[in-house]
Amino acid sequence: MGRQRDLVTERLHLRDLVASDRAFVKALLTDDDVRRFLGGPIPAARLESAVSAYFVSRNEAMAWLVESKDTRQLLGLISISDHVDGRDFELSYQFRTESWGSGFATEAAKRILQYAQEDLRLDRLIAETQAANTASRRLLERIGMKEARRLHRFGAEQVIYAR
């Protein structure tokens, strides 16, 4: 897919993860609210491998830690990786509940979408979210993604967005 690089927006710095970010990633992956529409918190038995996966450099996946440019506060994670369908690349994100409603996730997702199109030259990028996750669905629509299809997977109705 290409080499990942740091990205910036008006308010955000999207950067490679470093070892000191492990506690933040672990906190996101075990937060009930953050993980509500992502299959729930990662169980303890799988937590270390799930955290480590964000720190492993793989050709088919890129992950950025999202932080405030002004305060350096850690806000969330955003990534591009192979989708479960095996055909597409998927945009995924999870942000601390304290940052919800601030537009940070939208700003970061918009920048990743731009990077995917302009730098990676991806013809298509998708995102999958539960139909019940109205906030995430609105975010995807705000950045120009359109509903492509619905299916039942992971015990819930899912909506696939594409651009």
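All values derive from a computational prediction rather than experimental measurement. Each residue takes its place number in the sequence, starting with 1. As a basis for the values below, the full set of heavy atoms in this structure was taken, side chains included, without hydrogen atoms, waters or symmetry mates.
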By side chain to side chain donor-acceptor pair (under 3.5 Å) - contacts of R163 (at least two apart):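 So R163 forms no side chain to side chain donor-acceptor pair (under 3.5 Å) with any residue.
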Among residues at least two apart in sequence or on other chains, which ones pass side chain to side chain donor-acceptor pair (under 3.5 Å) with T71?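 With neighbours one apart ignored, the set is S68.
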Find the distance between [atom1] ([X]) and [atom2] ([Y]) and round it off to the nearest 0.5 Å.
X: L29; Y: L38; atom1: CG; atom2: CG; answer: 9.5 Å
X: L12; Y: L7; atom1: CG; atom2: CG; answer: 10.5 Å
X: D6; Y: L14; atom1: CG; atom2: CG; answer: 8.5 Å
X: S81; Y: L91; atom1: OG; atom2: CG; answer: 9.0 Å
X: F55; Y: D21; atom1: CZ; atom2: CG; answer: 5.5 Å
X: T129; Y: E147; atom1: OG1; atom2: CD; answer: 11.0 Å

In chain order, what residues pass the side-chain contact (heavy atoms from CB on, under 4.5 Å) check against R149, with sequence neighbours excluded?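 So R149 forms a side-chain contact (heavy atoms from CB on, under 4.5 Å) with D85, R87, L151, I160.
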Using only heavy-atom distances, determine whether the side chains of [X] and [Y] contain a donor-acceptor pair under 3.5 Å.
X: T9; Y: R111; answer: no
X: E157; Y: H152; answer: no
X: Y93; Y: S136; answer: yes
X: E141; Y: Y161; answer: yes

Quick check: closest heavy atoms across [X] and [Y], and the distance to 0.1 Å?
X: M145; Y: A127; result: CE-N, 3.8 Å
X: S99; Y: F95; result: OG-CB, 3.6 Å
X: I126; Y: A162; result: CG2-CB, 4.0 Å

More than 12 non-hydrogen atoms from neighbouring residues, nucleotides or ligands closer than 6.0 Å to CD on E98, yes or no?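 Enclosed.
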Is there a side-chain contact between [X] and [Y] in this structure, where contact means two heavy atoms from C-beta onward sitting under 4.5 Å apart?
X: L17; Y: R22; value: no
X: F154; Y: E128; value: yes
X: R5; Y: D119; value: yes
X: F89; Y: L120; value: no
X: F104; Y: V66; value: no
X: W64; Y: R15; value: no
X: L65; Y: L75; value: no
X: R137; Y: Q130; value: no

Residues two or more places apart in sequence or in another chain: which of them pass salt bridge (Lys or Arg N to Asp or Glu O under 4.0 Å) with K26?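 Counting only residues at least two positions away or on another chain, K26 forms a salt bridge (Lys or Arg N to Asp or Glu O under 4.0 Å) with E48.
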Looking at residues at least two apart in the chain, or sitting in another chain, which of them share a salt bridge (Lys or Arg N to Asp or Glu O under 4.0 Å) with R124?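 Once residues adjacent in sequence are excluded, the partners of R124 under the salt bridge (Lys or Arg N to Asp or Glu O under 4.0 Å) criterion are D88.
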Take K69 and H13 through the side-chain contact (heavy atoms from CB on, under 4.5 Å) test and state the conclusion after the steps. CA-CA 5 Å; K69 277 172 41 178; H13 179 217; 4.0 Å; yes
Show every salt bridge (Lys or Arg N to Asp or Glu O under 4.0 Å) that has at least one partner inside residues 28-38, sequence neighbours left out.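 Sorted result for residues 28-38: empty, none.
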Would the distance check show the side chain of R96 and the main-chain N or O of L74 forming a donor-acceptor pair, the cut-off being under 3.5 Å?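 Judged by distance alone, yes, a pair lies under 3.5 Å.
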Donor-acceptor pair, Q158 side chain versus R153 backbone, under 3.5 Å?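 Yes, because the side chain of Q158 sits within donor-acceptor range (under 3.5 Å) of the backbone of R153.
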Consider only side-chain heavy atoms of I, L, V, M, F, W and Y, link residues closer than 4.5 Å, and tell whether I143 and Y115 are in one cluster.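 Yes, I143 connects to Y115 through the hydrophobic network.
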